[in-house]
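Excluded from the calculations below are hydrogen atoms, water molecules and symmetry mates; all remaining heavy atoms, backbone and side chain alike, are included. All residue numbers in this chain count up from 1 along the given sequence.
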Amino acid sequence: MSAEQQHRDGQAADPGPRSLAQALRERDDASLGALLRSRPDLLHPVPTDVTQLATRAGTRASVLRALEHLDRFALQAAEALAVAPDPASYQELLDLLAGDDGDEEVAGALPATVALLRERALVWGGEDRLRLVRTARELLAPSASHSSPTGLGPSVAEATSGMSPGRIQAILTAAGLPHTHDAVSAVAALSALFADRARVAELLEGAPEASREVLGRLVWGPPYGQVTAEPAAHLRWLLDRGLLLPTTPGTVVLPREAALSLRGGRAHRVPEPTRPQVAVAAERKPQVVDAAAGGQALAALDTVEELLRSWDEGGPAVLRAGGLSIRDLKRTATVLEVPEPVAAFWVELAYAAGLIASDGGYVEEHHDRPDADAEGYEDEETRDARTRRRSGEAEHYAPTPEYDAWRDLPPADRWAWLLEAWLPGTRTPGLIGGRDGRDRTLSALGPGLDRSPAPEVRRRVLELMAELEPGQAPDPATLLERLRWERPLRSAGPRREQPEPPRAGVRPAYGGGVAANDPEALRTKLTEWALLEAEMLGVTGRGALASHGRALLGTEGRSEGAGAGAPAAGSARATVVAALLAPLLPEPLDHVLLQADLTAVAPGPLVRPLAEALGVLADVESKGGATVYRFTPGSVRRALDAGRTATELHAFLDRHSRTPVPQPLTYLIDDVARRHGLLRVGAASSYVRCDDESALDEILADRRATALRLRRLAPTVVAAQADPRTLIEGLRAMGFAPAAESAEGDVMIARPHAHRTPPRTPPAPVPDGPPAPDATLLTAAVRAVRAGDRAATAPRKDTPEAPGGLPRTSPADTLATVQAAAMTGESVWIGHVNAEGAASQRLLAPLRVEGGYVTGYDHTADEVRTYALHRITGVAELAEEADGAEPAR
């Protein structure tokens, strides 16, 4: 007897597990932990025993999630099992995937794939009795109404289930088969004919050419076609021989057995057992990549800081439906000098990092700061928000208090803070401008932007880039194809045409939205956006992953004790990334270069006090590697309005300029300062006073002052009907430099007042399912499942039962039994009903009974617990044959 025959006989003698629960029960703890790790939804809540674990693993929602996390070849194997006999042998599965001609790659990859399907509890049974979980078979198998993802239709038996026996016998006669005594044997004979490749080929030799063309169009799916009440001759030839079987009026299907014969036994046209390789589009020196990424990271910090600075005194209003209006987004894009979709990305990034938020509406709940205490006391923030709602005051976006903490950090730490918000974030700025499922426009900072796959796609893109050598930039098309292989989108039919991937060397535009009902287009866009966002943030440089970008994937993220608003402070990953990025960023400078054309050149980033002071004294003319500032009368007047004097401005420029202060700049400051404050504006509605009567004469004679409705009250005082702000702006438009004064006659210093929101928490990501469990949770879960399984399988003596199968005894008998068990150290079954009314059975080893409570070791929960006696429905002793097999405590 051959070894193969002995193996087959051994498999026949050992049928393997009879159910999925038994298969899981026979696993070791490591294998059970691997299942829970790969399918974390099975852990919420932790199953009480293996039977409950198996039941939960077979639910539709859990199976759908497990199928969505299979790679393409594993999904193809599951689809092949769905069209195979149940159960199927390993060889039958191999034949469906490799075909009649065989495929070495398929044969080499299939054992690991079957092991993966077993590990994830989608397949169970022995080698000759492979069974697909029933729910997965229902999802993937063809039916009379729809085909399988393989393109195969129903079997002959399924397609002829409603057909009359006479019609079946007529098909047998036309196909050249003898009559049978019943319909069952007739269907079996027809199935055997179609499953025989040689006999099908012989049958088709006499078929019309048009009939063979019809089969060629249906063979790879979809297998359904439409026919009229009087089909053509070539269709009638196929119908008579059962190669097309009617399913509904006017619809026919190519039976599965015939399609497999025409396919050469393959369930899929193109099996894909090997993962596609990511091609290299360009190769650069790692130092060049790091330098480019460092420069981009610095530009990202400047952009975010410019955004927050422009909203420092209060940003745009919040739309009634939430979010930023199109007009305000355009204004923000103009300030940042970027396209609108890119501006939306920076706004969303600052929002995700907790640096901007709405200043009104509601105050988020904080565990350490409740909105109201037991006596009804409300804190100041809650009262402020309630006052806003009552008064109808519009809400605005503004920086949060965390912005001040972020701004004081070193540049590398500020960048790491942003990355900690970007990498796990589910809000997808690229969708802005598109439409949601209700055909509403998606706006920046508005609802409807969360996409659960975004973090996984973003991280996987970086991981695939990290697999390349340093300095190598991936080809986007092959990168996208790899992601499609790793996470194919399951569909109800054969694989459809994929969206066109990005081509190498072509930089796709950011944003543009995507159809709400097109998941494949969304996956393509998420990949493109991940590449573009990584480049804009400085994670990559010139298309290749930088050294600090690799560190994002090699360390842990935010620690449990980290606050939601300060990711950089609580993340080991942020510390490592910041340390790698810091040498790539230039040191802030404390000087500028003044030029004779009233400009100043900052050859690099400036220290914060210098940058803030220079931003008041001059206007930014251009940005880049060097920032150019221009001095104008308006900018100098702005500095004087902020309380600076001409002497202070001269000293400031002399102290921070590496070049001599140009004479034109000195004259400009002196000229504006000499005229500044000559006129005084106060509230009458408003007034203008000036010691120089000729200046007031000039104002009254100017026709541009007509709209201000001026009237002279005294030689040195003119009253106006306009408010002070309008009056000041009007006079400045006429070429004067007035200064505002208080009711006491003192000059008012017009310093900007920073506006901050109340403390806000950043938006929480919307994950795609429960998070992956850590090792501690897995160990505890496996231990609890094992303990519950031991308790559930322990037999008990027959006793009266309450509804639900719980043991029932009188209170006196219950007390006496648990007291006796506590003295003898034996275990007993108890029925328990908790405070919510949920009933359960527990295997308890009582330790002590006192005060109306029993304390003991609960084998079901694998821990010591205390139960109230009045909540115990009854007690049952263990059966005698189980006494020696009592679980160890």
Side-chain angles (χ1 to χ4, degrees), residues 305-306 309-310 312-313 334-335 337 589-603 605-623 626-682 688-692 695-696 698-699 702 704-705 724-742 746-754:
E305 194 162 356
E306 179 67 23
R309 191 184 304 118
S310 66
D312 195 53
E313 298 180 52
T334 302
V335 171
E337 299 179 358
L589 304 176
D590 62 352
H591 64 273
V592 294
L593 306 176
L594 296 178
Q595 302 184 113
D597 60 348
L598 297 180
T599 60
V601 177
L606 301 177
V607 294
R608 182 168 305 281
L610 175 57
E612 291 178 349
L614 197 59
V616 176
L617 180 57
D619 298 325
V620 176
E621 189 170 80
S622 65
K623 299 177 182 179
T627 304
V628 178
Y629 295 86
R630 176 164 295 279
F631 299 95
T632 64
S635 67
V636 174
R637 183 173 61 244
R638 185 170 64 232
L640 295 173
D641 287 343
R644 295 293 188 96
T645 65
T647 303
E648 291 174 344
L649 295 180
H650 287 309
F652 169 79
L653 294 175
D654 186 64
R655 184 168 59 254
H656 292 288
S657 176
R658 288 291 178 88
T659 59
V661 179
Q663 195 175 49
L665 180 56
T666 302
Y667 288 164
L668 174 65
I669 294 174
D670 290 341
D671 183 56
V672 174
R674 183 168 49 253
R675 303 177 61 195
H676 185 267
L678 183 64
L679 301 180
R680 301 293 181 89
V681 175
V688 181
R689 70 179 183 89
C690 180
D691 295 335
D692 187 354
L696 294 181
E698 182 181 352
I699 292 173
D702 197 321
R704 291 176 293 178
R725 177 182 289 274
T726 304
L727 179 56
I728 290 176
E729 292 175 353
L731 292 175
R732 286 177 175 172
M734 296 165 59
F736 297 95
E741 72 175 15
S742 65
D746 300 324
V747 176
M748 297 176 62
I749 297 175
R751 291 193 179 96
H753 296 283

Trainee: Given side chains that start at C-beta, do those of Ile669 and His650 come closer than 4.5 Å, heavy atoms only?
Mentor: yes
Trainee: Tell me whether Ser657 contacts the main-chain N or O of Leu593 through its side chain, where contact means a donor paired with an acceptor under 3.5 Å.
Mentor: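 No; judged by distance alone, with no hydrogens or angles, the pair does not exist.
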Trainee: Hey, are the side chains of Leu610 and His591 touching, using non-hydrogen atoms and a 4.5 Å cut-off?
Mentor: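 Heavy-atom side-chain distance check fails, nothing below 4.5 Å.
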Trainee: Supply the atom-to-atom distance Glu698 CD to Asp692 CG, rounded to the nearest 0.5 angstrom.
Mentor: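 It comes to 9.5 Å.
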Trainee: Taking C-beta and beyond as the side chain, do Phe631 and Val672 meet within less than 4.5 Å on heavy atoms?
Mentor: no
Trainee: Say whether, by atom type as modelled, one donor and one acceptor occur between the side chain of Thr659 and the main chain of Leu594 under 3.5 angstrom.
Mentor: yes
Trainee: Return the minimal non-hydrogen interatomic distance between Ala611 and Leu606, and the atom names on each side.
Mentor: CB-CB, 4.0 Å
Trainee: Are the side chain of Arg630 and the backbone of Asp619 linked by a donor-acceptor contact shorter than 3.5 Å?
Mentor: no
Trainee: Any chance you could measure Thr627, atom OG1, to Leu614, atom CG, to the nearest 0.5 Å?
Mentor: 9.5 Å
Trainee: If I compare all heavy atoms of Leu598 with all of Pro664, which pair ends up nearest, and what's the gap?
Mentor: CD2-C, 3.7 Å
Trainee: Is it true that, when you exclude Arg658 itself, more than 12 heavy atoms of the residues, nucleotides or ligands shown sit nearer than 6.0 Å to its CZ?
Mentor: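 No, the 6.0 Å shell around CZ holds no more than 12 heavy atoms from other groups.
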Trainee: State the CZ-CG distance between Arg732 and Leu727, to the nearest 0.5 angstrom.
Mentor: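 Rounded to the nearest 0.5 Å, the CZ-CG separation comes to 10.5 Å.
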Trainee: Distance from Thr666 atom OG1 to Asp671 atom CG, nearest 0.5 Å?
Mentor: 12.5 Å
Trainee: Looking at Val616 and Ala639, what are the two nearest heavy atoms and their distance?
Mentor: CG1-CA, 3.8 Å
Trainee: Specify the closest pair of heavy atoms between Leu640 and Ala673, including all atoms of both residues, with the distance to one decimal.
Mentor: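 Scanning both residues completely, I find the closest heavy atoms to be CD1-CA, 3.7 Å.
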Trainee: Do Pro662 and Gln595 have side chains that get closer than 4.5 Å, going by heavy atoms?
Mentor: no
Trainee: Using every non-hydrogen atom in the two residues, find where Phe736 and Arg675 come nearest and quote the distance to one decimal.
Mentor: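 Reported closest heavy-atom pair: CA-NH2, 3.9 Å.
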Trainee: Counting N and O atoms only, with roles assigned by atom type, does the side chain of Arg638 sit under 3.5 Å from a partner on the main chain of Ala618, one being a donor and the other an acceptor?
Mentor: yes
Trainee: Using a strict 4.0 Å threshold on nitrogen-to-oxygen distance, state whether Glu306 and Arg309 make a salt bridge.
Mentor: yes
Trainee: Looking at Leu649, Thr599, Leu653, which one forms a side chain to side chain contact (heavy atoms under 4.5 Å, CB included) with Leu665?
Mentor: Leu653
Trainee: Evaluate whether atom CZ of Arg725 has more than 12 neighbouring non-hydrogen atoms of other residues, nucleotides or ligands under 6.0 angstrom away.
Mentor: no
